[in-house]
There are 2 protein chains.
Amino acid sequence: MGTTNKENEYSMLKLENQLCFPLYACSKEIIRAYKPFLDEIDLTYTQYITMLVLWEKKEMNVKTLGENLYLDSGTLTPVLKKLESKGLIKRTRSKSDERNLLVSITKEGEALKEKAKDVPSKIGKCVNLSKKEAEELYRLLYMVIENIR
Amino acid sequence: MGTTNKENEYSMLKLENQLCFPLYACSKEIIRAYKPFLDEIDLTYTQYITMLVLWEKKEMNVKTLGENLYLDSGTLTPVLKKLESKGLIKRTRSKSDERNLLVSITKEGEALKEKAKDVPSKIGKCVNLSKKEAEELYRLLYMVIENIR
DNA sequence: TTTTAATAAATTGTATGCAAATAATTAGTC
DNA sequence: GACTAATTATTTGCATACAATTTATTAAAA
């Protein structure tokens with residue numbers, strides 16, 4: 001009752017008791033799981049999620065892209081230069097506002113979509129959650145993201 | 001029925017439909033949430049989770065530490081050198097097997113535990129999940145980690 | 001309109017994170 | 001015991017990530 005001991009006082013300071021750790025570990029493990037599939041289409045994980053957005057939206061400035069991916073221009077600039085050097089995207093300054101860099105997908109970039117088509121289902125097999133579990137996980141993750149921000 | 005369209009064929013290739021992305025984003029956001037609290041005790045996130053293990057286990061070789069943290073020696077070596085330069089840990093080769101580097105906590109490292117004591121509850125407030133939700137998230141994350149490995 | 005403030009990318013500096021190669025040590029095999 | 005595995009860290013190279021600064025451009029204010 002009125003007694004506290006070191007066990008209780010510090011028990012939260014255990015790796016296993018911190019939600020952050022499985023989140024961090026799980027994120028890294030799932031990115032590692034993507035690697036063999038992404039190697040086949042010569043994309044890194046960051047390049048892949050960038051292409052995911054562009055396959056859907058076709059054109060976007062760096063700022064909006066960063067808001068979609070939760071990445072800043074310091075991270076995106078080198079990624080986008082790399083994707084451009086591979087011929088998958090084009091980088092052009094906006095005519096109406098030269099501060100904006102417009103990132104748009106090329107024909108080669110569009111073509112890659114076909115090769116990337118099966119990646120999600122392959123990963124789904126690795127993750128191996130039921131539809132219900134996946135939805136619950138998805139819901140909880142976005143809840144945490146919302147709460148933190 | 002017999003008709004397929006591009007919408008369905010590629011619908012999984014949307015950022016919002018991939019479980020990996022909220023995982024990746026949530027992990028980064030939660031690490032970002034730690035930053036102000038960890039700044040107060042002058043630790044980076046990686047240094048912090050390393051200290052978590054050492055506060056509990058006192059001494060450990062690099063390999064075992066890496067298994068606990070899901071990190072390899074290429075990542076850990078510079079982190080451990082940094083922690084040693086701060087006086088929080090000691091690095092010594094094992095007498096019985098010189099291949100092993102024993103990482104052990106110092107008095108200063110022990111003392112830091114007191115200052116780190118309240119970090120988990122502060123983060124808990126930011127994450128703001130119910131006990132039930134946190135347990136469910138925890139369970140699902142470890143399930144994914146198990147399934148992937 | 002000149003000045004100031006705000007915005008968008010790029011750059012710089014620091015810290016990860018991982019694969020692959022290397023070095024040092026120990027264990028196993030002949 | 002000499003030779004070959006295997007094991008453990010370290011190093012190297014590449015790719016993020018992010019804070020802070022800088023540069024270029026546009027918007028707003030005086």
At under 4.0 Å, does any side-chain N or O of [X] touch on OP1 or OP2 of [N]?
X        : N      : answer
B/Lys28  : C/dT16 : no
B/Lys81  : D/dT11 : yes
B/Asn61  : D/dA9  : yes
A/Arg93  : C/dA8  : no
B/Asn100 : D/dA9  : yes

Can you tell me which nucleotide in [options] comes closest to the side chain of [X]?
X       : options                : result
B/Lys82 : D/dT8, C/dA15, C/dA10  : C/dA15
B/Val79 : D/dC18, C/dT25, C/dT16 : C/dT16
A/Asp72 : C/dA9, C/dT11, D/dA19  : D/dA19
A/Arg91 : D/dT25, C/dA10, C/dA9  : C/dA10
A/Thr77 : C/dA19, C/dT11, C/dT26 : C/dT11
B/Arg99 : C/dA27, D/dC18, C/dT7  : C/dA27
B/Asp97 : C/dT26, D/dA17, D/dA9  : C/dT26
B/Leu71 : D/dT16, C/dA8, C/dG17  : C/dG17
B/Val62 : C/dA10, D/dA9, D/dA19  : D/dA9

| query | Does a side-chain N-to-carboxylate-O contact under 4.0 Å join A/Lys81 and A/Glu84? | reply | no

| query | So, are B/Glu67 and B/Lys63 salt-bridged, with charged N and O less than 4.0 Å apart? | reply | yes

| message | Treating B/Asn68 as the side-chain partner and B/Thr64 as the backbone partner, does any N or O pair qualify as donor plus acceptor under 3.5 Å? | response | yes

[atom1] of [X] versus [atom2] of [N]: gap in Å, rounded?
X        : N      : atom1 : atom2 : value
A/Lys35  : D/dT16 : NZ    : P     : 11 Å
A/Tyr70  : D/dT16 : OH    : C1'   : 19 Å
A/Tyr45  : C/dT16 : OH    : C1'   : 17 Å
B/Leu101 : C/dT25 : CG    : P     : 13 Å
B/Leu65  : D/dT8  : CG    : P     : 14 Å
B/Leu76  : C/dA15 : CG    : C1'   : 13 Å

| field | Touch class at under 4.0 angstrom, heavy-atom based, for B/Thr46 against every strand present | value | sugar-phosphate

| Under 4.0 angstrom, heavy atoms only, what part of the nucleic acid is A/Thr44 near: base, sugar-phosphate, or nothing? | sugar-phosphate

| task | Under a 3.5 Å limit for both distances, which nucleotide forms a Watson-Crick or G-U wobble pair with C/dA6, could you say? | result | D/dT25

| message | Looking at C/dT25, which nucleotide sits across from it as a Watson-Crick or G-U wobble partner, both distances under 3.5 angstrom, or is there none? | response | D/dA6

| remark: Partner of A/Phe21 under side-chain contact (heavy atoms from CB on, under 4.5 Å), picked from B/Leu141, B/Leu69, B/Ile30, B/Leu52, is B/Leu69

| task | Identify, between B/Thr75 and B/Arg32, the residue whose nearest nucleotide on DNA chain D lies closer to the 5' end. | result | B/Thr75

| field | ILVMFWY network linking B/Ile89 to B/Leu102, side-chain heavy atoms under 4.5 angstrom | value | no

| Do A/Tyr70 and B/Tyr24 pass the ring pair (Phe, Tyr, Trp, His ring centres under 6.0 Å) test, and can you show the C-alpha distance, the side-chain angles, and the key distance before you say yes or no? | CA-CA 10 Å; A/Tyr70 298 177; B/Tyr24 161 84; 8.6 Å; no

